[in-house]
Amino acid sequence: MRLALFQPDIPQNVGACIRLSACFGVELHVIEPTGFNFDDRAMKRAALDYGPLSHMTRHASWDDFLRDRPSGRLVLLTTKGATPLPDFQFQKDDILLFGKESKGAPDFVHDAADARVVVPLRPEARSLNLSVTAGIALWEGLRQTHDFNLG
């Protein structure tokens with residue numbers, strides 16, 4: 001199981017995903033450009049002391065990510081998803097992909113996804129925070145696949 005963030009806007013969400021990556025032993029892929037200055041100082045501040053433990057790869061563009069990404073299905077978490085999270089069957093090598101906080105994922109990212117998944121919410125709710133959604137989806141994927149890498 002892996003996490004991938006498409007052009008994130010909010011450094012605190014990247015920091016929270018770095019912590020998820022570190023705590024659960026999963027790779028994190030950040031697809032640039034980001035909506036903030038992505039330097040070591042900013043990431044250390046956002047990730048607190050978890051940065052050195054994570055397995056983060058930065059990709060300069062969507063094309064670079066597609067070229068260099070590990071094998072596995074691209075599972076896009078989206079409010080426009082087709083499959084509710086409780087009904088989706090994860091695989092161990094899935095890449096959980098999240099769109100930009102301000103705009104979501106563009107059509108070309110939706111088109112590249114092997115699956116689109118939505119976290120069901122109350123009808124009057126718009127969406128969850130990106131890093132909250134990442135935590136929920138990652139936990140469910142790891143739970144289903146019994147692939148906790150904690151040791």
Side-chain angles (χ1 to χ4, degrees), residues 1-32 34 38 43-101 104-123 125-151:
M1 200 74 49
R2 300 168 187 96
L3 297 173
L5 308 179
F6 176 81
Q7 300 180 353
D9 292 324
I10 302 172
Q12 292 85 353
N13 282 332
V14 177
C17 288
I18 288 171
R19 290 190 293 274
L20 281 172
S21 169
C23 290
F24 291 114
V26 300
E27 294 175 17
L28 172 63
H29 296 265
V30 177
I31 304 158
E32 298 183 26
T34 62
F38 198 167
M43 281 302 93
K44 284 180 183 174
R45 188 174 341 109
L48 300 174
D49 58 349
Y50 289 98
L53 300 175
S54 71
H55 310 313
M56 184 176 69
T57 303
R58 291 170 62 178
H59 303 273
S61 69
W62 175 248
D63 289 337
D64 287 354
F65 170 73
L66 290 178
R67 181 190 68 225
D68 299 334
R69 76 180 179 98
S71 63
R73 298 183 303 178
L74 277 179
V75 178
L76 179 63
L77 277 289
T78 174
T79 57
K80 301 173 186 172
T83 305
L85 180 66
D87 299 335
F88 187 73
Q89 296 299 308
F90 287 94
Q91 298 174 5
K92 286 185 177 190
D93 62 351
D94 283 343
I95 302 167
L96 308 183
L97 177 62
F98 301 86
K100 182 185 282 203
E101 294 97 333
D107 289 342
F108 63 87
V109 173
H110 277 265
D111 293 343
D114 298 299
R116 296 183 317 146
V117 175
V118 62
V119 175
L121 304 175
R122 296 174 60 156
R126 187 172 58 92
S127 65
L128 290 168
N129 172 279
L130 181 145
S131 58
V132 170
T133 304
I136 291 168
L138 178 61
W139 179 261
E140 178 60 13
L142 294 173
R143 185 194 67 78
Q144 282 186 22
T145 60
H146 306 284
D147 196 26
F148 291 97
N149 185 17
L150 305 179

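Since the structure is predicted, the reported quantities are computational estimates derived from the model, not experimental observations.
- With values rounded to the nearest 0.5 angstrom, Trp62 atom CH2 is found 5.5 Å from Ile31 atom CD1.
- Considering CE of Met56 and CD1 of Ile18, their distance stands at 4.5 Å, rounded to 0.5 Å.
- Within the 4.5 Å cutoff, the side chain of Val75 has heavy atoms near those of the Phe88 side chain.
- Atom CG in Leu3 sits 5.0 Å away from atom CG in Leu138 (nearest 0.5 Å).
- The closest side-chain heavy-atom distance from Asn13 to Pro8 is not below 4.5 Å.
- Taking both residues in full, the closest heavy atoms of Leu66 and Arg69 are given as O-CG, 3.8 Å, listed atom of the first, atom of the second, then distance.
- Proximity of Pro70 to Ile95: side-chain heavy atoms (C-beta onward) are separated by under 4.5 Å at one or more points.
- When all heavy atoms of Phe98 and Ala134 are compared, the closest pair comes out as CZ-CA, 3.4 Å.
- Contact between Leu121 and Ala125 at its shortest, heavy atoms only, is CB-CB, 4.2 Å.
- When the salt bridge (Lys or Arg N to Asp or Glu O under 4.0 Å) test is applied to Glu101, no partner is found at least two apart in sequence or on another chain.
- The OG atom of Ser131 sits 8.0 Å away from atom CZ of Arg19, with the distance rounded to the nearest 0.5 Å.
- Residues Leu85 and Phe90 meet the side-chain proximity criterion, which asks for heavy atoms closer than 4.5 Å.
- Atoms CZ and CG, from Phe6 and Leu76 in turn, are 10.0 Å apart once rounded to the nearest 0.5 Å.
- Considering OG1 of Thr145 and CD of Gln91, their distance stands at 10.0 Å, rounded to 0.5 Å.
- When all heavy atoms of Asp114 and Arg73 are compared, the pair lying nearest together is OD2-CA, 3.2 Å.
- Remark: side-chain polar atoms of Thr34 are not paired, donor with acceptor, to backbone N or O of Gln7 under 3.5 angstrom.
- Among all heavy-atom pairs drawn from Pro84 and Ala82, the shortest one is CD-O, 3.8 Å.
- Side-chain contact between Leu128 and Ile136 is present, with at least one heavy-atom pair separated by less than 4.5 Å.
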| field | Test log, rule side-chain contact (heavy atoms from CB on, under 4.5 Å), inputs Leu130 and Lys100 | value | CA-CA 9 Å; Leu130 181 145; Lys100 182 185 282 203; over 6 Å; no
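- Between His59 and His29, the ring-plane angle classifies as parallel under the 30° and 60° cut-offs.
- The shortest side-chain heavy-atom distance between Leu74 and Phe65 falls under the 4.5 Å cut-off.
- Side-chain contact between Met1 and Asp94: present, with at least one pair of heavy atoms (C-beta onward) separated by less than 4.5 Å.
- Cys17 has its side chain within reach of Leu5: a pair of non-hydrogen atoms, C-beta onward, lies under 4.5 Å apart.
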